[in-house]
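Scroll down for the structure; my scribbles are underneath it.
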Amino acid sequence: MGGKRVRIHTNFKPNKCCKRSFVGDVDDRISQLPDDILVDILSRLSLKEAGRTSVLSSRWTNLWKHTPSLNFDVGQTVLDKLYRQRELFKREKRKYVKWVNSVTRSHKSLTLKEFKIRFALDKSERKAITRWLEFAFSRQVESLELDIKSDRHTSTDYRFPNELLIASKLQLPSDSVCIDHTRMLVDFKSLKELSFRSVQVSDAAIDFFLHNCPLLEKLIVHHSEKISKLEICGSSLKLKHLEIVYCFGLKSLKVSAPSLTSLRVTSLDGLLLENVPMLVDVSVNCNDDSISIHHLFSLLSCCVSQLQTLCLDLTRRNFRQEVNELCELPKMPKLKKLVIVYCARGYENLIRLASFIRASPHLVEFVLEVGLLLYW
């Protein structure tokens, strides 16, 4: 059975499929959407992903520059990896600063919903950090987070420059960085969330934000040694969430905020709670043995009956001397969730912690995070 021979000419070329463009012509339906919708779509991407869309076509070149959210958070996993490699850490830090500088210089949006910095930076980047803050405030930012936590490679000593605020309303420190005030009379009325982590911020600056940001609902300050005496007070405050954590210079904290629903503190020294009718979520660090459990609950007396969530860090406490106090805990009739963080010693029976459960008749969830202290 023979087959038919087919001769193929040497100049034969296969027909190519017709090209169909999906960028820049009638088939590109997404590009035909209004700018505000496209910007909203881009705002749901990460900052780097949004920037990559600029190569799609001339229509997309500058759209990402109008996104209202600038999140420069590299993530804890990346930071943990960098902390273990000193030289890599230095290179990546330079890249990070260059990245933020580039974006803030080219950004076009007149307002910002979010501006977040998260990287281990030190005082050598002081001028750059101040420029970033200046940029964010000038865009009437709604949510600002500055997290420049130190690690074993850095020594964070960045002090928030009070000159970014209105100078006439603050007593400025003598070592302040000079900034052109004619460019910095900005409006803070849009600010709703403010977070400083490993930033040396003063009592005066916190007071300024509380009284010049009428929409402020969240205030977080971690690892600031300059804070000494704070008064979070005012019948008109909209503040709902407050964290003052590991501020080791703190001597007193007075809180009177009718809208406050959540409070986290790691120092009970000088704590005074007044007029907090909405406070239902409290997290406290009780590792100071000089403050008894009885005293702790006396500090919470104005809100203990309304609490729905309570987190107690009892890691370093020794309850051997507080058995009677544990038996006399006040009732928490509305408590739904109780979290206790505790490091047990080898000789201890944790049954004594059951006193907290007995004081919470309507408890739904009980979380016990237990470690073990070893003695040699």
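Every heavy atom of this structure was used, including side-chain atoms; hydrogens, water molecules and symmetry mates were not. All values derive from a computational prediction rather than experimental measurement.
Between atom CD1 of residue Ile244 and atom OG1 of residue Thr266 there is a gap of 9.0 Å, rounded to the nearest 0.5 Å. In this structure, Lys218 NZ and Glu145 CD are separated by 8.5 Å, a value rounded to the nearest 0.5 Å. Atoms NZ and OG, on Lys336 and Ser360 in that order, are 10.5 Å from each other to the nearest 0.5 Å. Atom-to-atom distance recorded for Gln308:CD and Met332:CE is 13.0 Å, nearest 0.5 angstrom. Separating the CZ atom in Phe208 from the OG atom in Ser202 is a distance of 11.0 Å, to the nearest 0.5 Å. Interatomic distance, Leu146 CG to Phe119 CZ, rounded to the nearest 0.5 Å: 13.5 Å.
Taking both residues in full, the closest heavy atoms of Glu225 and Gln200 are given as N-OE1, 2.7 Å, listed atom of the first, atom of the second, then distance. Listed here is the closest heavy atom pair of Val282 and Leu300: CG1-CD2, 4.2 Å. Between Ser305 and Pro333 the shortest heavy-atom distance is O-CG, 3.6 Å. Considering every non-hydrogen atom in both Ala205 and Asn162, the closest pair reads CB-OD1, 3.5 Å. When all heavy atoms of Phe297 and Pro330 are compared, the closest pair comes out as CD2-CG, 3.6 Å.
Here the side chain of His107 pairs no donor or acceptor atom with the backbone of Val103 at under 3.5 angstrom. Between the side chain of Ser102 and the main chain of Lys98, no donor-acceptor pair closer than 3.5 Å is present. Remark: the backbone N or O of Arg358 is paired with a side-chain donor or acceptor of Lys331 at under 3.5 angstrom. The backbone N or O of Val201 sits less than 3.5 Å from a side-chain atom of Ser224, completing a donor-acceptor pair. His223 contributes no side-chain N or O that, together with a main-chain N or O of Arg197, makes up a donor-acceptor pair within less than 3.5 Å.
At least one side-chain heavy atom of Leu194 sits under 4.5 Å from a side-chain heavy atom of Leu216. Counting only heavy atoms from C-beta outward, the side chains of Ile148 and Val199 approach each other to under 4.5 Å. Using a 4.5 Å heavy-atom cutoff, the side chains of Leu165 and Phe188 are in contact. Taking the side chain as every heavy atom from C-beta outward, Leu191 and Leu215 never approach each other to under 4.5 Å. Annotation: side chain of Arg91 is not in contact with side chain of Gln85 (no heavy-atom distance under 4.5 Å). Between Phe137 and Leu144 there is a side-chain heavy-atom pair separated by less than 4.5 Å. Taking the side chain as every heavy atom from C-beta outward, Val276 and Cys302 approach each other to under 4.5 Å. No side-chain heavy atom of Glu142 sits under 4.5 Å from any side-chain heavy atom of Glu114.
Annotation: side chain to side chain contact (heavy atoms under 4.5 Å, CB included) contacts of Gln306 (sequence neighbours excluded): Leu279, Cys303. With sequence neighbours excluded, the residues forming a ring pair (Phe, Tyr, Trp, His ring centres under 6.0 Å) with Phe115 are Phe72, Phe135, listed by chain and number. For Val367, the side chain to side chain contact (heavy atoms under 4.5 Å, CB included) criterion is met by Lys337, Val339, Glu365, Glu369, not counting sequence neighbours. Every residue was checked against the side chain to side chain donor-acceptor pair (under 3.5 Å) condition with Ser109, not counting sequence neighbours, and none meets it. For Ser143, the side chain to side chain donor-acceptor pair (under 3.5 Å) partners at least two apart in sequence or on another chain are Glu193. For the side chain to side chain contact (heavy atoms under 4.5 Å, CB included) test, residues two or more places apart in sequence or in another chain that qualify with Ser124 are Lys93, Asp122. Scored by the side chain to side chain contact (heavy atoms under 4.5 Å, CB included) test, Leu368 finds Ile340, Leu350, Leu353, Phe366, Val370 as partners (sequence neighbours excluded). Residues that satisfy the side chain to side chain donor-acceptor pair (under 3.5 Å) test with Asn101, not counting sequence neighbours, are Trp132. With sequence neighbours excluded, no residue forms a side chain to side chain donor-acceptor pair (under 3.5 Å) with Asp203.
Of the N and O atoms on the side chains of Tyr158 and Thr130, at least one donor lies less than 3.5 Å from an acceptor on the other residue.
Hydrophobic clustering, with ILVMFWY side chains joined whenever heavy atoms are under 4.5 angstrom apart, keeps Leu219 apart from Met278. Under a hydrophobic clustering in which Ile, Leu, Val, Met, Phe, Trp and Tyr are joined whenever their side-chain heavy atoms come within less than 4.5 Å, directly or via other members, Ile220 and Leu260 fall into different clusters. Linking ILVMFWY side-chain heavy atoms closer than 4.5 Å, directly or via other members, places Leu133 and Ile117 in a single hydrophobic cluster. Residues Trp99 and Leu112 are members of one and the same hydrophobic cluster, defined by side-chain heavy-atom contacts under 4.5 angstrom among Ile, Leu, Val, Met, Phe, Trp and Tyr. Hydrophobic clustering places Leu338 together with Leu307 (ILVMFWY residues linked when any side-chain heavy atoms are closer than 4.5 Å, directly or through intermediates).
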Run Glu134 and Arg131 through salt bridge (charged side-chain N to carboxylate O under 4.0 Å, His left out) and show every step you take.
CA-CA 5 Å; Glu134 181 179 359; Arg131 285 197 304 269; over 6 Å; no
When you look at Leu121 and Ile129, which way does the side-chain contact (heavy atoms from CB on, under 4.5 Å) test go after all the steps?
CA-CA 9 Å; Leu121 303 171; Ile129 297 172; 4.1 Å; yes
Step by step, work out the side-chain contact (heavy atoms from CB on, under 4.5 Å) result for Gln140 and Lys113.
CA-CA 8 Å; Gln140 299 177 32; Lys113 289 185 177 180; over 6 Å; no
In sequence, state the C-alpha distance, the side-chain angles, and the governing distance for Phe356 and Leu335, and then conclude on side-chain contact (heavy atoms from CB on, under 4.5 Å).
CA-CA 11 Å; Phe356 291 99; Leu335 197 68; over 6 Å; no
Given the rule in the side-chain contact (heavy atoms from CB on, under 4.5 Å) test, do Val255 and Leu272 qualify, once you have shown the distances and angles that lead to the verdict?
CA-CA 6 Å; Val255 180; Leu272 177 61; over 6 Å; no
Pair up each side-chain donor or acceptor in residues 227-241 with any protein partner under 3.5 Å, not counting sequence neighbours, and list the distances.
| residue | atom | partner | partner atom | Å |
| --- | --- | --- | --- | --- |
| His241 | ND1 | Ser262 | OG | 3.1 |
| His241 | NE2 | Glu243 | OE2 | 2.8 |

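Think of Phe248 as one node in a network of Ile, Leu, Val, Met, Phe, Trp and Tyr side chains linked at under 4.5 Å; its network also takes in Val245, Tyr246.
For residues 69-78, the set of pairs meeting the salt bridge (charged side-chain N to carboxylate O under 4.0 Å, His left out) definition, not counting sequence neighbours, comprises Asp73-Lys116, Asp73-Arg118.
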